[in-house]
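Just so we're on the same page: letters track the sequence lines, and every chain starts at 1.
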Amino acid sequence: MTSLSSFDQKYTPGNIESKWQKKWSKDLVYKVDENSDRKKWYELTMFPYTSGDIHIGHWYAMAPSDAHARFMNMIGFNVLHPMGFDAFGLPAENAAIKGGKHPKSYTESNMHNMRRQLKSMGNMYDWDREIVTCSPEYYKWNQWLFLQLYEAGLAYRDFAPVNWCPSCNTSLANEQVLDENRCERCETIVARKNVNQWLFRITKYAEELLDFSKLQWPEKINIMQSNWIGRSTGVEFNFDISEHNLPQETLTTFTTRIDTVFGVTFIVMAPEHHLVKSLTIQEKIEEVERYIEHSSNQSELERLSTEKEKTGVFTGSYCINSLTGERVPIFIGDYVLASYGTGVVMGVPAHDQRDFEFAKKYDLNVRVVIAPDDWEGQDFTEAFVENGKQVNSGKFDGMKNVDAMEQIANFVEDEGLGNKATQYRIRDWLISRQRYWGTPIPIIHCNICGTVPVPEKDLPVLLPDDAEFRPTGESPLKLKESFVNVDCPNCGKSASRETDTMDTFVDSSWYQFRFISPNFSDAPFDKNLLDIWGPVDQYTGGAEHAVMHLLYARFFTKALRDIGILNFDEPFIRLFNQGHIISGAHKMSKSRGNVVAPDEFVEKYGADTVRCYLMFIGPWSQGGEWSDDGIKGMWRWMNRVWNITSRDFSKLDNINLSDESDMKLVRLTNQTIKSVYEDLKKFKFNTSLAILMQFTNDLNAIWEMKNIKRETWVKAIESLILMLSPLAPHITEEMWQKLGNNFSIHGQKFPSWDEDLLKEDLITLVIQVNGRVRDTMEISLETDESEINQLVLNSTKIKKHTDGKKILKTIYIKGKLINIVVR
RNA sequence: GCCCGGGUGGCGGAACGGUAGACGCGCUGGACUUAAAAUCCUGUGCCCAAUAGGGCGUGUGGGUUCGAUUCCCACCCCGGGCACCA
């Protein structure tokens, strides 16, 4: 314990922070030890897109997760907490088209700046592990993994109508189309377009993706994913169309309400259904074709109008409901989607609101088959969709519809009229992008051999550097003959290369595994190391990725497991979603002019203050509002911590020692350590900091008394610094050294506490009369209840409220409170 | 419309069913200073009161309980997600 008068100087974060950052880097303080015998902890933050700037939102995502990772390290885990860049994607290419800057150099200079900014945060990243998704070393494995999926039948090509963003000039996956059919990137309204597309068969995993039992994720995300996958169980029921002499004798519908099958009065097919033409009678052809034309030409805006009328056209044909023997008219209508279920629905107007509206418009029969409790045979004014009793349903009459549901389904199966079935809303993941700045899909199209995978030895298929970027939005790869023209690896004849590139979400579906062996050149990851580190123990990031990145990464993990290249089921065991940082009650945006630039504040107050302020604003999960005034409070506290640590501790020697005060400080230190430990573990940074602030306030008061042992004081101060070190790594490193300890504080253990030293010998007993606080009293925990009763009833403050009243009962909660009920 | 969150001082926010408002911002007053800034000390939910004290208070209305910000029911408002999915 050295004398500290020598560092009684001002806190200058600028010097301190750059000094320690250099030292940490030089001494490899954050180098991950792969041979440690400590338990592993892989904590990952969603890596940033190379937009060019680390803004306050990035800080808000990364500073707290770094603090948590550091904390896990301090409590004994061997921590992997890497960082890299999501470096492919459209903005770089758009910059190329606009400004003539190549996407590669654009991205590289952005990364250069972002790396500098990230380093200024002082995070525990091991930069030797950095991964950059646009580097050939990375995307080679994207291509390799694509080929594995292709071989396993999980990647396929299809010609189908897809979401097309006219502004981005590319197709999009369903997940990437937002509310009101807007593009996830640019919010332009997407169109439908028929294109040849590559897809990943995520639907094969629909059922398994609904199983969240191995995950500790926020319920909200699980619900969002469940909704997106959209499982519904029901029956595929066949209507007889044998009278039309077509190759198939039945028309299959999907319904979740087989209990209403006796109420079918019409059938509606999607306009795109392949049987529409053959089922349309001569006289109706013109009208039907006009309708098909109309619905395909409808603008997206029209289709979106909320109260859109249900429309359709009669095909002139009928089918037979084999359960009733009835002939039922077949319509086409655009409220039926070709892509869901069988593309055909049975119309039950009495029990489905859409069918009801359709029936009213086209004057179709409404037959009640589920009766409401008080129903007396009157007509419905809207569909009745609740539960009731079966009527007009043959031998099922009188049953509760929920019971009849199962029985009719069984009956249908027994009679060979259909089968129970499960449908999912989720579609296969469309990964083709008609753009340059992404991973080339490693496929060659040969006129003779067809679709030929690029042989593994030829990977990576490199993006040509000298592509031409035209403002027309055409893919530069299409125009690049030296890229397109290639010999077929199979027959050697001239063939053409696939020019689509992959969705950048492919890159981020497995990057978490690449971090485990970022420079491994034999495979996407070193399996031995993956066995040690995988999967990610704690993932943190925004909830906006619920049905995109997070779902894709789960799919990838399961697919790679089945292919046999990894052996667990989920990529991210625990997930924490941080909230958003806002400014002036609004989301930050350049157009609003309310963007907070972290660099500015780092320069003014230092990274430690910015980190801690962000963590102090409120619960991390809820986000919070940035305040230029608020951060001043954190700056003041940081200085108070500096000052209290910088004092000359020898002033505590040879003075009037009070054992009681000393014991109080011991207790306070122990209590503080326990509380901070528990809060940090749970990401409750705001309350951790509040407790530490309270601790420094108390320490300041204690210092004034100077009646404690020097060693007790030093223990308290060192505990303070250690507890603060994951949150504010620089100032605490400086303090640690100034206190005479060895480099580095970031190799130290989190201070421990002794349960026996937590207990207060006196507690404040709250005294209530009729549930209202009237007095308090310092008592020993050992005082027995009858004695307390005496004390309480003798209190003058209490007497005021009990005199002349009858005491009905007293409730005593040990060590806390006593409540006297009077009347 | 359906499914999640969330409504607490002037503000950000704390509170295992047990003293509501910890901690911080802002503001009062004071110290230091020629002065300002910075820093330190003091007070700070609202109303009445000089103080003591009393009353009222966690979106609204009910309920359970000795006791409710916390649990239950109904409703209102805000944020997010989904929305012709048969």
Side-chain angles (χ1 to χ4, degrees), chain A residues 10 178-180 218-228 230-232 234-235 237 253-257 260 268 270 303-304 306-310 333-337 339-348 351-355 357-358 423-427 543-544 546-547 577 579-580 582 585 613 616-619 621-637 639-640 643 684 686-697 700 764-776 797 800 808-813 815-822:
Chain A
K10 260 184 89 185
L178 309 176
D179 203 23
E180 297 185 340
E219 195 52 30
K220 181 185 159 177
I221 302 292
N222 299 353
I223 290 167
M224 282 166 74
Q225 292 203 348
S226 296
N227 288 344
W228 185 259
R231 180 184 202 265
S232 49
V235 172
F237 181 71
T253 60
F254 174 73
T255 180
T256 54
R257 291 295 307 274
T260 66
V268 189
R303 286 191 49 207
L304 285 166
T306 35
E307 290 300 308
K308 194 183 160 252
E309 205 180 17
K310 310 275 169 288
D334 66 3
Y335 77 99
V336 176
L337 308 175
S339 50
Y340 183 77
T342 61
V344 189
V345 302
M346 55 185 220
V348 185
H351 306 292
D352 182 288
Q353 189 57 29
R354 292 155 303 178
D355 296 347
E357 286 164 28
F358 192 83
Q423 290 290 341
Y424 300 92
R425 214 187 67 121
I426 191 172
R427 306 291 145 74
E544 62 275 14
V547 295
N577 294 124
H580 294 282
I582 59 171
Y613 175 60
F616 184 67
I617 290 177
S621 59
Q622 277 171 39
E625 187 172 339
W626 176 273
S627 152
D628 289 1
D629 273 335
I631 193 172
K632 283 188 209 157
M634 190 53 69
W635 165 244
R636 282 178 204 144
W637 180 63
N639 278 282
R640 283 204 293 273
N643 292 335
K684 291 171 74 177
N686 57 330
T687 48
S688 302
L689 280 158
I691 294 162
L692 290 174
M693 286 172 175
Q694 182 67 66
F695 190 44
T696 47
N697 291 347
N700 267 323
T764 305
L765 183 76
V766 173
I767 308 162
Q768 300 183 329
V769 178
N770 284 351
R772 320 204 48 156
V773 180
R774 298 302 180 183
D775 198 5
T776 60
K797 284 180 184 172
K800 253 171 74 181
L808 298 178
K809 61 172 160 176
T810 43
I811 292 111
Y812 175 60
I813 309 293
K816 284 210 166 135
L817 164 149
I818 186 161
N819 187 12
I820 302 156
V821 185
V822 299

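The phosphate of B:rU39 has OP1 or OP2 within less than 4.0 Å of a side-chain N or O from A:Arg636. In this model, the phosphate group of B:rG53 is approached by a side-chain N or O of A:Lys797 to a distance below 4.0 Å at OP1 or OP2. Proximity of A:Arg772 to the phosphate of B:rU19: no side-chain N or O atom is located under 4.0 Å from OP1 or OP2.
Rounded to an integer number of Å, the gap from A:Lys310 NZ to B:rA86 P is 14 Å. Here B:rU42 presents its P atom at 11 Å from CG of A:Asn700, a figure rounded to the nearest Å. Between the CD atom of A:Glu357 and the P atom of B:rA86 there is a distance of 17 Å, given to the nearest Å. In this entry the distance linking OH of A:Tyr613 with C1' of B:rC23 reads 13 Å, nearest Å. In this structure, A:Asp775 atom CG and B:rU19 atom P are separated by 15 Å, rounded to whole Å. Atom P of nucleotide B:rG54 and atom CG of A:Asn770 are separated by 14 Å, given to the nearest angstrom. One can place CG of A:Asn577 at 16 Å from C1' of B:rG6, the figure rounded to the nearest angstrom. As a whole-Å value, the separation of A:Tyr340 OH from B:rA83 P is 13 Å.
Of the candidates B:rG81, B:rC66, B:rG24, the closest approach to any side-chain atom of A:Met224 belongs to B:rG81. Closest contact between the side chain of A:Ile223 and the listed nucleotides B:rG54, B:rC66, B:rC3 involves B:rC3. Listed nucleotides: B:rA15, B:rC23, B:rA86. Nearest to the side chain of A:Phe254: B:rA86. Closest contact between the side chain of A:Thr776 and the listed nucleotides B:rC66, B:rA86, B:rU19 involves B:rU19. Picking from B:rC23, B:rC66, B:rA15 the nucleotide with the shortest atom distance to the side chain of A:Val821 gives B:rC66. Between B:rA14, B:rA86, B:rG26, one nucleotide has an atom nearer to the side chain of A:Val336 than all others, and that is B:rA86. Side chain of A:Asn819, nearest nucleotide from B:rG18, B:rA86, B:rG24: B:rG18. For A:Pro619, the side-chain atoms get nearest to B:rG13 when compared with the rest of B:rA22, B:rC56, B:rG13. Checking B:rG53, B:rA15, B:rC82 against the side-chain heavy atoms of A:Arg425 singles out B:rC82 as nearest. Among the nucleotides B:rC66, B:rA86, B:rG53, the one closest to the side chain of A:Ile811 is B:rC66.
Base engagement by A:Val766 is indicated by at least one non-hydrogen atom pair under 4.0 Å involving a base atom. Residue A:Asn697 is classed as a sugar-phosphate contact, given heavy-atom separations below 4.0 Å to backbone atoms only. The residue A:Ser627 sits apart from the nucleic acid: no heavy atom pair falls under 4.0 Å. Looking at heavy-atom distances under 4.0 Å, A:Gln694 makes contact with sugar-phosphate atoms alone, never a base. Using a 4.0 Å heavy-atom distance criterion, A:Arg640 is classed as a sugar-phosphate-only contact. Base contact: A:Ile813 has a heavy atom under 4.0 Å from a base atom.
Within the model, atoms OG of A:Ser226 and CD of A:Glu219 stand 8.0 Å from one another, a figure rounded to the nearest 0.5 Å. Taking CG of A:Asn643 as the reference point, atom CG of A:Asn700 lies at 8.5 Å (rounded to 0.5 Å). Between the CD1 atom of A:Ile426 and the CD atom of A:Gln225 there is a distance of 8.5 Å, given to the nearest 0.5 Å. Separating the OG1 atom in A:Thr687 from the CZ atom in A:Phe616 is a distance of 10.0 Å, to the nearest 0.5 Å.
Judged by closest nucleotide on RNA chain B, A:Glu219 is the one of A:Tyr335 and A:Glu219 placed further toward the 5' end. Positionally, the nearest nucleotide of RNA chain B for A:Asn686 lies more toward the 5' end than for the other of A:Ser232 and A:Asn686.
With a cut-off of 3.5 Å on both pairing distances, B:rU51 has no Watson-Crick or G-U wobble partner at all. Of all nucleotides present, only B:rG10 satisfies the Watson-Crick or G-U wobble test against B:rC25, with each distance under 3.5 Å. The nucleotide B:rC82 finds its pairing partner in B:rG1, both defining distances of the Watson-Crick or G-U wobble pair being shorter than 3.5 Å. Nucleotide B:rC56 is matched to B:rG45 when pairs are restricted to Watson-Crick or G-U wobble geometry with both distances under 3.5 angstrom.
Because its glycosidic torsion is more than 90° from 0, B:rG54 is reported here as anti.
For the pair A:Asp352 (side chain) and A:Val348 (backbone), a donor-acceptor distance under 3.5 Å is absent.
For the C1' atoms, the distance linking B:rG61 with B:rA52 amounts to 37 Å, nearest Å. Separating the C1' atom of B:rG13 from that of B:rG45 is a span of 14 Å, rounded to the nearest Å. Annotation: B:rC4 and B:rU19 have their P atoms spaced 31 Å apart (nearest Å). Annotation: B:rC84 and B:rG1 have their C1' atoms spaced 12 Å apart (nearest Å). To the nearest whole angstrom, the two C1' atoms, one in B:rC25 and one in B:rG9, are 13 Å apart. On the C1' atoms, B:rG55 is 22 Å away from B:rG59, given to the nearest whole Å. Using atom C1' as the reference point in both B:rG53 and B:rU42, the two lie 23 Å apart (nearest Å). The gap from the C1' atom of B:rG17 to that of B:rC71 amounts to 8 Å, rounded to the nearest Å.
Residues passing the side-chain hydrogen bond (donor to acceptor under 3.5 Å, both in side chains) test with A:Asn577, sequence neighbours excluded: none.
Applying the 3.5 Å distance criterion, the base of B:rC25 shares no donor-acceptor pair with the side chain of A:Asp629. Looking at A:Gln768, its side chain comes within 3.5 Å of the base of B:rG18 through a donor and an acceptor atom. A donor-acceptor contact under 3.5 Å is not formed by the side chain of A:Lys220 with the base of B:rC3.
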Before giving the answer on side chain to side chain contact (heavy atoms under 4.5 Å, CB included), spell out for A:Asn770 and A:Val822 the whole-Å C-alpha distance, their side-chain angles and the decisive distance to 0.1 Å.
CA-CA 6 Å; A:Asn770 284 351; A:Val822 299; 3.7 Å; yes
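Between A:Lys220 and A:Ala543, the shortest heavy-atom contact is NZ-CB, 4.4 Å.
Side-chain rings of A:Tyr613 and A:Trp626 approach one another, their centers coming within less than 6.0 Å.
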